[in-house]
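What follows is a single structure, written as structure tokens, with notes after it.
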Amino acid sequence: MIRRWPYVALTAVVAVAVAIWAIPELDQRAFFGYVPTNATPTMLPSLSLDTRVLPDSAKVMLLAAGVTLLVQVYSTAYMGKDRRYRSYALLIVLFLVAMIAVVATDNLFVLLIGWEVMGVCSYLLIGHWWEQPQSRAGAMKALVVTRFGDLGLLVAIVVIGQTYGTYSITGAWVGAADQGQQHGTAIGLLVLLAVVGKSAQVPLQTWLPDAMPGPTPITALIHAATMVAAGVYVFARLLPLYGNDTTVMTALAVVSGVTMLLAALFALVQHDLKRALAWSTVSQLAYMFAAIAAGAADVGISHLVSHGAYKALLFLGCGVVMHAVGTSALSAMGGLRTTLPATFWTMTIGFAALAGIIPTVGFFTKDRVLESIHVATHGETPLPGGVAWALLVVAYVTVFVTAAYAMRLWMLTFLGLPSKQHVEPPSMTWPLVALGVACLALSIGEPLDLDTAALSTLVALAGIAFAWWRQDADLPGPVQRPLAAELGLDHPITRLIPAGTIGVARVADAADREGIDVYPRGGAVLAGLVSSAVRALQTGRVQVYASVIAVGAFVVVLVGVIAR
Amino acid sequence: MSIPIDWATAGPAVIVATSALVALMVDAFWPRRSWFASSLPLLAGLVGGFVELGRTGSVDDVSAALTFVILAGTVLVLVGATVMSDEDSMPPGELHLLLGSAASGALVMVAARDLVTLIVAIELLALPSIALIGLRQGDRRGIASSWTFFLTSVVSTAVTLMGVALLYGSTGTLTYAGLSRELVDPAVPDAVVAVAVVLTLVGLLFKLGAVPFHAWVPDTYRGASVVIAGFLASVSKAGALGALLVLLAIGLSPVDDVWVPVIAVVATASMTLGNLAALRERDGVGMLAWSSVAQAGFLVAPATAVLTAEGLSAPLQYLAVYALANLVGFTALAVVLRTRGSTSYDTLTGLARSEPWLGVPLAFVALTLAGFPPAVIGLVTKYVVLRPVVDDGLTWLAVVMAVNVMLGLAYYLRLVVVLVSRPADEPDGITSRPAAPTGLATAAVAVGTAALVVLSVLPGLLIDHLP
Amino acid sequence: MPLLYPLLLSSALFGIGLYGVLARRNAVMVLVGVELMLNAVNLQLVAYDAWFAETLHTGQVLTLFVIALAAAEIGLGLAIVMAMFRATGSIDVDEADRA
Amino acid sequence: MIVAALLVLLAATVALMAAPDRFRGRSAAGLGAAASALTFVLLALAWDGKASTSGEVDVAWIDVLNARFHLGLDGVSWPLALLTAFLTVLCCWWLARSGAGPAPSARFVALLLVVEGSSIGVFASLDLLLFFVFFELALIPMWFVIAYWGDPKDQAGRRRAATRFLLFTVTGSAVLLVGIVVVAIEAGSLQIADVQGTHSVLAASLIAIGLAVKVPIVPLHTWLPDAHGKAPTVGSVLLAGVFLKLGTYGLIRLDVQMLPSATAEIAPYLAAAGVVGIIWAGLVCLVQDDLKRLVAYSSIGHMGFVVLALATMTEAGVTGAVFGSVAHGLVTGLLFFLAGGLKDVHGTASLTALGRGLYERTRWFAVALLVAGLATMGLPGLAGFWGEYLSLRGAYEEGALDRSLAWTLLGVATIGIVLATAYVARFVRMLLQGEPTPIDTDRDLRARGVVVALVVPILVLGLWPTLLTDLLGSGVMGTSLLGVGR
């Protein structure tokens with residue numbers, strides 16, 4: 001039996017250290033409008049351990065540390081019997097460190113390192129059960145797709161470094177503040193590419209649902225609460241470099257609008273609890289981006305934190321359910337209300353937060369997102385008003401759909417008749433309770449805009465009513481089928497591009513083996529032929545030799561005469 | 001009243017020729033057949049040649065350097081020939097006479113400053129060489145080779161003579177100085193001169209074994225005694241190359257537009273075809289024969305720039321190293337032939353393991369000829385011959401040379417590999433082989449290899465001191 | 001007499017000689033061919049010499065040398081043919097090749 | 001110091017060659033490791049700061065040609081020389097400890113030392129002819145390493161591969177020699193520092209083509225996969241870790257630094273060829289079955305980045321080229337130790353034949369392969385990243401290229417990073433993951449210290465790149481680098 005407490009203790013130590021570091025920073029001035037000083041430009045790539053922790057960074061750090069600690073505790077039960085618990089637990093710690101690096105650092109390279117190390121941790125943890133084919137496939141897909149996105153960040157850093165002559169984030173802010181946002185469109189779109197990959201937004205959204213074969217605590221931690229949300233954070237962090245750029249903001253608004261609605265619809269039609277929650281995550285991440293697009297990055301971060309709490313709760317609860325029933329298929333569930341009471345109550349809070357029901361934190365933060373989009377329609381932000389209006393409409397529709405699928409999932413999981421008895425290990429329920437409390441406690445002090453609140457609550461209630469009306473029935477076929485197939489958006493990424501690439505690669509390989517070698521092989525054959533020809537003259541017949549000399553003399557004379 | 005004789009030019013040749021005659025006399029009148037009794041006079045003559053060279057110098061530095069190479073090469077051949085000293089079929093007096101005569105022919109060739117002398121010198125080198133090849137009594141292969149060399153030689157000589165006659169007809173003079181004066185004259189008919197010049201070069205290119213005048217080389221080298229083949233590959237070539245350089249640099253300098261392309265084409269063909277043919281060779285002597293065809297290309301290529309100082313000296317530096325390496329190689333093979341009865345690669349397999357004093361020098365020679373470290377001197381001389389070619393603007397020729405370095409390595413390396421490989425089956429007892437007087441030859445191999453090694457560390461010893 | 005005549009004759013001789021060397025099977029006939037070639041050269045040299053009428057008579061000198069060389073060559077050639085005959089019992093050049 | 005280092009190697013080589021029976025097995029490898037370690041220390045001590053040429057030796061050699069025995073190290077060559085010595089130490093260590101593959105014989109170790117010494121000589125040469133001599137010196141020993149100690153199952157194949165390697169590289173170096181001759185004639189000197197600034201596009205092209213074979217740049221690369229496929233483990237390591245560096249180093253020193261104006265004219269072609277190589281190699285890697293060939297192609301891809309970097313002729317680019325070379329030596333060295341180790345143990349490097357689930361079957365191999373794979377795909381935080389990053393940075397700065405070309409190349413090159421990710425993920429998926437299929441030759445890695453010794457610098461350089469970039473500083477494109485002290 002592997003001793004598990006050292007890993008929990010290690011995580012706890014890191015988490016406490018993060019807390020001690022981050023909590024005092026919560027009271028600093030706001031994330032934006034901060035004018036840093038003392039930036040030292042460097043030309044050559046240099047890593048520095050400088051950090052720049054602002055209130056929003058502190059929030060995200062605390063979220064990451066807290067969720068990680070809870071997940072680690074939870075995992076002692078959930079993964080306790082796993083043969084590879086040690087590597088699993090260590091990778092979680094490594095992940096936390098990388099996440100903190102991304103959030104806290106002032107150096108773009110450290111940011112990139114943390115960003116990629118998170119990606120690798122995600123890759124390794126998705127593939128934790130590498131005996132299963134879908135784990136391997138999901139892991140590889142996650143790695144390749146996110147790294148494709150990461151190229152955007154890489155090139156963005158190249159451009160930033162060249163434009164502002166520094167790799168310090170603060171330094172770049174100063175530069176952008178002093179000289180205006182140079183190359184804002186390019187940098188913004190490149191960073192957008194990166195976060196679209198990392199946060200699984202359209203069109204790179206499909207890796208996240210496929211990452212679900214990983215251990216559920218990992219899904220809760222990495223693929224819901226922290227890593228995927230880091231995309232939002234990083235985009236916000238670098239916003240001073242392109243925040244005024246209409247193109248970037250419009251692109252972001254389009255991406256987030258399309259993503260939030262599509263993903264919510266996909267979540268509505270899933271027959272698998274975990275996958276539905278994964279789509280829900282994609283949709284909620286789009287909310288955060290919508291807030292940033294509307295010019296309210298701090299609202300986006302608030303929603304990030306709140307979503308981190310309730311989505312971690314939901315996934316961990318999902319883990320308990322899966323632990324109990326042995327599968328994540330909704331058809332196998334139902335009636336768990338009585339057999340898993342703690343899970344039922346905490347997850348109810350979680351679903352309420354997801355659906356945006358007062359007084360959960362989800363309600364408040366989502367309302368602020370809606371409100372900020374509404375503000376953006378006044379045309380005072382870089383986002384064009386028309387786009388903002390469209391985004392607002394989509395966001396409200398998504399509220400409806402979100403409430404509907406949250407209700408549907410809740411019903412299918414917990415209502416109905418109990419089938420058999422299950423157990424909830426205490427080390428799994430405590431984290432749930434802690435997160436449930438957090439989902440309520442974080443609401444304290446949140447502002448409330450009554451108009452928006454009323455409207456959104458109405459829409460959400462409509463969604464809930466819709467779900468209650470449909471019960472477990474599917475949507476009408478023409479709607480259900482394409483949505484269940486996720487509109488075939490995965491097809492290019494899983495089929496066309498890999499197949500095409502492999503096809504081209506086979507051609508290249510064949511050309512490499514048989515094609516390019518033509519010149520050396522041809523040369524060798526030619527050399528062999530000439531060699532035979534020259535040696536064929538050596539018959540030993542003297543008069544042939546003398547003839548060669550005579551003819552040769554004639555030839556060289558020709559050469560001489562022609563040359564003259 | 002005295003006849004003015006330029007002893008600086010004629011001295012070494014006269015001394016060597018005289019000593020060759022003495023060697024014959026000694027052999028004729030010595031009571032018992034004695035190899036060494038007849039070789040010593042020739043050796044003394046060669047040493048005398050060195051002394052004379054040191055005392056008076058030669059016509060110019062180039063001829064002096066060539067004289068040195070020829071004398072030194074002949075000494076090595078003389079020492080190497082001792083491997084045959086117990087063979088009854090090889091008459092020592094005749095051997096030494098012919099060797100000395102041929103050497104003096106080569107000496108005259110490099111000192112010649114008019115075509116009449118050159119023609120005589122060519123024949124003085126050629127006729128004894130023919131006899132040397134067929135000297136071993138009752139050796140049918142030797143006679144066949146001798147016949148091959150004879151016939152090809154006389155044809156090429158006749159062609160050269162035709163060229164000389166035409167040159168004489170168009171210019172009225174046969175001295176190099178006169179030619180260089182007359183050929184500038186616009187009245188001289190262009191086409192005839194072109195034909196004449198090229199035909200004149202044929203004889204020298206033939207001696208060098210350059211393609212397309214190479215056909216005799218493989219057969220003759222294989223048929224002759226290995227040491228004599230070494231003589232043909234080094235001393236004979238030294239004479240021909242020297243004569244070619246001097247003729248081009250002095251006599252034919254006004255018509256370089258004729259011979260530069262000819263030399264370039266011949267060099268290209270020699271290198272390429274020689275190397276390609278050598279690729280399939282599985283015999284030590286045969287490989288060296290084809291390699292000497294290819295090396296002829298490397299020797300003459302820089303002669304395209306012979307009108308520059310570097311183009312004149314580069315072939316000399318290459319020649320010195322090439323001749324030394326070849327002599328070491330042929331001598332070592334001669335020893336192998338005596339002790340093992342063959343020079344095929346099968347026989348040579350594992351030689352560097354079983355008889356390192358022969359195998360390692362052979363490997364080093366192969367690397368020198370290939371121009372590869374650790375035989376740095378080979379590489380440096382490759383560099384040396386590339387320089388004037390590039391400098392002269394014939395970059396394409398330089399690239400051809402460079403590619404031929406690659407082709408050459410392919411077969412030189414094969415020999416090296418053969419030498420160091422483990423033999424398929426253990427040689428069936430070296431004791432059963434006839435005892436042969438190989439001591440001196442082996443010593444010569446050792447000395448020659450040592451020289452190559454020293455030059456590899458300090459190439460300046462050679463490069464800095466040749467003109 | 002125009003210079004052309006001896007030159008034409010010389011060319012013809014050289015060609016015939018070359019043919020003899022390259023095509024005849026009998027070694028002695030081959031040697032005769034060699035002799036013809038050398039004498040073609042001689043003829044030319046003498047013709048030029050007479051045409052130039054120079055005092056040094058370079059052409060004639062070289063002619064003398066060539067005659068001597070030809071003699072030496074033929075002597076050596078015959079010796080080889082003799083040796084060949086002793087070794088193979090034939091003076092057919094192809095026999096020599098196969099020796 | 002440099003001469004002392006070379007003499008140490010020479011002495012050890014002579015000792016091993018002269019008394020092959022006295023040094024058998026581990027004692028031969030031990031002597032080799034000790035000599036290389038001593039060389040490493042001596043070279044490390046030779047450094048006296050980036051402001052001057054370190055350990056300079058300059059004595060007359062061939063006066064007529066103005067060739068001098070002129071050695072010295074600077075920020076470009078010193079790390080590469082150290083890398084060479086370091087990798088050779090590891091190779092000898094591996095020979096002693098791996099317990100599979102060819103037994104360490106005295107001659108084998110001696111040849112490795114010759115390869116090491118000649119490579120260090122190339123890096124240290126400040127004379128063109130000397131450079132070339134050292135450049136050629138290692139070829140024949142390498143031929144023997146591949147042909148005699150290569151794949152034990154395929155005698156004809158390893159011989160063929162070795163000969164291909166030799167003929168390709170010799171052709172290249174022959175062209176290089178012509179280029180050197182052209183330079184020497186144009187500039188009238190063989191001293192790199194004196195020649196600097198000569199404008200000869202012909203020379204720059206010849207040198208670039210000659211070295212392109214060695215690097216190798218597509219389409220002159222086809223010798224490399226064969227050679228790696230058949231070479232013994234340590235042979236592959238030196239071939240990839242050191243030999244390829246001779247090419248990139250030569251391009252930096254002889255083209256970019258020595259003939260900057262002429263190289264600028266051919267830089268677009270070089271850069272394009274490099275990028276084509278990145279993509280080409282990445283694609284071919286995706287469908288390779290033989291792990292050693294896969295790693296060989298991945299090398300070509302990495303070298304593509306290096307070529308792109310140096311072809312930009314920017315400070316960032318050249319720094320990146322040096323960094324990429326060093327990092328590639330470490331990363332690909334590690335990969336070849338592992339791939340070769342697997343081949344030594346199982347007799348094959350075919351992914352299908354090796355089976356699946358290496359995580360379970362041979363954990364050390366698996367984890368080390370994973371780390372090496374992550375490094376080879378350019379994971380930030382590991383050494384492989386910085387070369388690629390600087391290469392992209394150089395391309396973004398345009399340098400010797402024009403903007404549209406440079407940025408196109410940058411974009412295409414980044415695709416290569418995705419391809420690298422994909423092929424690494426593919427071999428991880430095929431080999432390390434999956435339901436374990438144990439086979440009876442399974443045996444875990446023995447020479448674990450070698451792997452650790454490589455992972456540590458990979459990490460250190462990944463997290464502390466300035467360790468290396470500071471050696472170069474702003475002088476990397478200027479004359480100060482070679483001109484100091486003259």
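Predicted model, so just to flag it, every value in this text is computed and none were measured. In what follows, chains are A, B, ... by sequence order, proteins preceding strands, each numbered from 1.
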Revision key, fill the gap. Between D:A425 and A:M140 the two heavy atoms that sit nearest each other are CB-CG, 3.6 Å

Exercise for review: Check whether any side-chain heavy atom of A:V144 sits under 4.5 Å from a side-chain heavy atom of D:Y423, and report yes or no.
Suggested key: no

Check your understanding: Is it the backbone or the side chain of D:L463 that comes under 4.5 Å from a heavy atom of chain A, or both, or neither?
Key -> both

Practice item. Could you grab the distance from atom CD of A:E116 to atom OG1 of D:T421, nearest 0.5 Å is fine? Key: 8.0 Å

Review point. Looking at residues at least two apart in the chain, or sitting in another chain, which of them share a ring-ring contact (aromatic ring centres under 6.0 Å, His included) with D:Y359?
Key: A:W130

Exercise for review: Go through the atoms of A:L112 and report whether side chain, backbone, both or neither lie under 4.5 Å from a heavy atom of chain D.
Suggested key: both

Check your understanding: Do you know which of D:C285, D:P225, D:G411, D:P219 has the most heavy-atom pairs with chain A at a distance under 4.5 angstrom?
Key -> D:P219

Check your understanding: A:V155 versus chain D, heavy atoms under 4.5 Å apart: side chain, backbone, both or neither?
Key -> side chain

Exercise for review: List the atom of A:I113, the atom of D:G462, and the distance in Å for their closest heavy-atom pair.
Suggested key: CD1-O, 4.4 Å

Review point. Is the shortest heavy-atom distance from the side chain of D:V284 to the side chain of A:R513 under 4.5 Å?
Key: no

Point to revise | From A:L143 atom CG to D:L374 atom CG, the distance as rounded to the nearest 0.5 Å | key: 8.0 Å

**Study point:** residues 286-301 of chain D: residues contacting chain A (heavy atom under 4.5 Å, by number)
**Key:** D:L286, D:V287, D:Q288, D:R293, D:Y297

Revision key, fill the gap. With chain A, the option among D:R164, D:R429, D:E435 that has the most non-hydrogen atom pairs under 4.5 Å is D:R429

Practice item. Output the distance between atom CG (D:L370) and atom CG (A:L124), rounded to the nearest 0.5 Å. Key: 5.5 Å

Check your understanding: Residue by residue, which of residues 497-504 of chain A have a heavy atom closer than 4.5 Å to a heavy atom belonging to chain D?
Key -> A:T501, A:I502, A:V504

**Study point:** Atom group of D:W223 that falls short of 4.5 Å from chain A, counting heavy atoms
**Key:** neither

Practice item. Could you list which of residues 518-526 of chain A have a heavy atom closer than 4.5 Å to any heavy atom of chain D, in residue-number order? Key: A:Y519, A:P520

Check your understanding: Between atom OG1 of D:T414 and atom CZ of A:R147, what is the distance when rounded to the nearest 0.5 Å?
Key -> 11.0 Å

Revision key, fill the gap. In terms of heavy-atom pairs under 4.5 Å with chain D, the winner among A:D512, A:V507, A:L151 is A:D512

Review point. What distance separates D:I417 CD1 from A:L154 CG, expressed to the nearest 0.5 Å?
Key: 5.0 Å

Review point. Using a cut-off of under 4.5 Å for heavy-atom pairs, which of D:V418, D:T171, D:I415 has the most such pairs with chain A?
Key: D:V418

Point to revise | Salt-bridge present (A:E131, D:R356; N to O < 4.0 Å) | key: no

Review point. In terms of heavy-atom pairs under 4.5 Å with chain D, which of A:P133, A:A137, A:G114, A:A510 leads?
Key: A:A137

Check your understanding: Taking the side chain as C-beta and beyond, is there a heavy-atom pair between D:E360 and A:R83 under 4.5 Å?
Key -> yes

Check your understanding: A:A508 and D:L283: which non-hydrogen atoms are nearest, and at how many Å?
Key -> CB-CB, 4.3 Å

Practice item. With rounding to the nearest 0.5 Å, note down the distance linking CD in A:Q162 to CD in D:E397. Key: 4.5 Å

**Study point:** Which portion of A:V120 sits near chain D, non-hydrogen atoms under 4.5 angstrom
**Key:** side chain

Exercise for review: Heavy-atom distances under 4.5 Å only: say whether D:L382 touches chain A with side chain, backbone, both or neither.
Suggested key: neither

Exercise for review: Counting only heavy atoms closer than 4.5 Å, note whether A:I157 contacts chain D via side chain, backbone, both or neither.
Suggested key: both

Exercise for review: Check whether more than 12 heavy atoms from other residues, nucleotides or ligands sit under 6.0 Å from atom CZ of A:F148, and answer yes or no.
Suggested key: no

